[in-house]
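Inspection log for the structure reproduced underneath, given as C-alpha cells.
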Amino acid sequence: IEKVNKMRINILRKGDTVINVNRDFISVRRENGEVDLVPLIIDESGLRIDKTNIVTIGYGNNTVSTDLDNDVTIINYQ
C-alpha cells in the first residue's frame with residue numbers, strides 16, 4: 001500500500017467558494033461577489049501560493065488598477 005501525502009491550501013474565508021483549480025491558479029469567488037485569481041508556484045520546495053501576484057476581479061467601470069509598494073496606484077481606463 002502506497003502512502004498518499006495530503007496538502008491543504010488555506011485561502012478560503014467564510015462564505016467563499018472555489019470556482020476552478022488548475023496547475024496555474026485557484027479562482028475563488030469571495031462572499032462579496034468579487035473573484036480572486038490566486039497564482040500557484042511549483043518550485044524546489046514544492047507547491048506554494050504567489051501572494052504578491054493575486055488578481056482581484058471586482059466591480060467597476062472597466063478599469064484596471066495596480067497598487068505599487070510605494071503607496072501609488074496606477075489606473076488604466078478604457
Side-chain angles (χ1 to χ4, degrees):
I1 298 176
E2 184 179 332
K3 182 180 177 184
V4 176
N5 294 325
K6 291 185 180 182
M7 179 179 291
R8 186 174 176 98
I9 301 173
N10 296 316
I11 60 172
L12 296 178
R13 299 178 208 121
K14 186 175 182 175
D16 292 349
T17 306
V18 173
I19 299 172
N20 187 37
V21 178
N22 64 36
R23 68 178 317 267
D24 299 317
F25 66 88
I26 301 170
S27 56
V28 177
R29 180 179 295 118
R30 299 296 182 188
E31 185 177 28
N32 66 1
E34 295 182 334
V35 174
D36 282 344
L37 302 177
V38 182
L40 300 173
I41 297 174
I42 301 172
D43 59 16
E44 62 278 350
S45 63
L47 182 67
R48 62 187 175 89
I49 292 174
D50 182 1
K51 293 186 210 177
T52 60
N53 289 306
I54 295 173
V55 174
T56 299
I57 301 170
Y59 300 99
N61 294 316
N62 298 324
T63 61
V64 176
S65 64
T66 302
D67 295 327
L68 303 177
D69 290 336
N70 56 1
D71 294 329
V72 174
T73 300
I74 298 173
I75 300 174
N76 294 324
Y77 297 94
Q78 282 220 341

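Rounding to the nearest 0.5 angstrom, the gap separating the CZ atom in R13 from the CD1 atom in I11 is 9.0 Å. A distance of 9.0 Å separates OG1 in T56 from CG in N32, rounded to the nearest 0.5 Å.
Checked against side chain to side chain contact (heavy atoms under 4.5 Å, CB included), V55 has the following partners two or more places apart in sequence or in another chain: L37. With sequence neighbours excluded, the residues satisfying side chain to side chain contact (heavy atoms under 4.5 Å, CB included) with I19 are S27, R29, V35. For L40, the side chain to side chain contact (heavy atoms under 4.5 Å, CB included) criterion is met by I26, L47, I49, not counting sequence neighbours. Partners of D43 according to the side chain to side chain contact (heavy atoms under 4.5 Å, CB included) rule, which considers only residues two or more places apart in sequence or in another chain, are I41, S45, R48.
Counting non-hydrogen atoms of other residues, nucleotides and ligands closer than 6.0 Å to CD of E31 gives a total of 12 or fewer.
Under the 4.5 Å side-chain heavy-atom criterion for Ile, Leu, Val, Met, Phe, Trp and Tyr, V28 and I54 are members of the same hydrophobic cluster. Connection of F25 to I42 is not established within any shared hydrophobic cluster, with ILVMFWY side chains joined at heavy-atom distances below 4.5 Å, either directly or through further cluster members.
Applying the salt bridge (Lys or Arg N to Asp or Glu O under 4.0 Å) test to every pair with at least one member in residues 16-25, sequence neighbours left out, gives these pairs: D16-R30.
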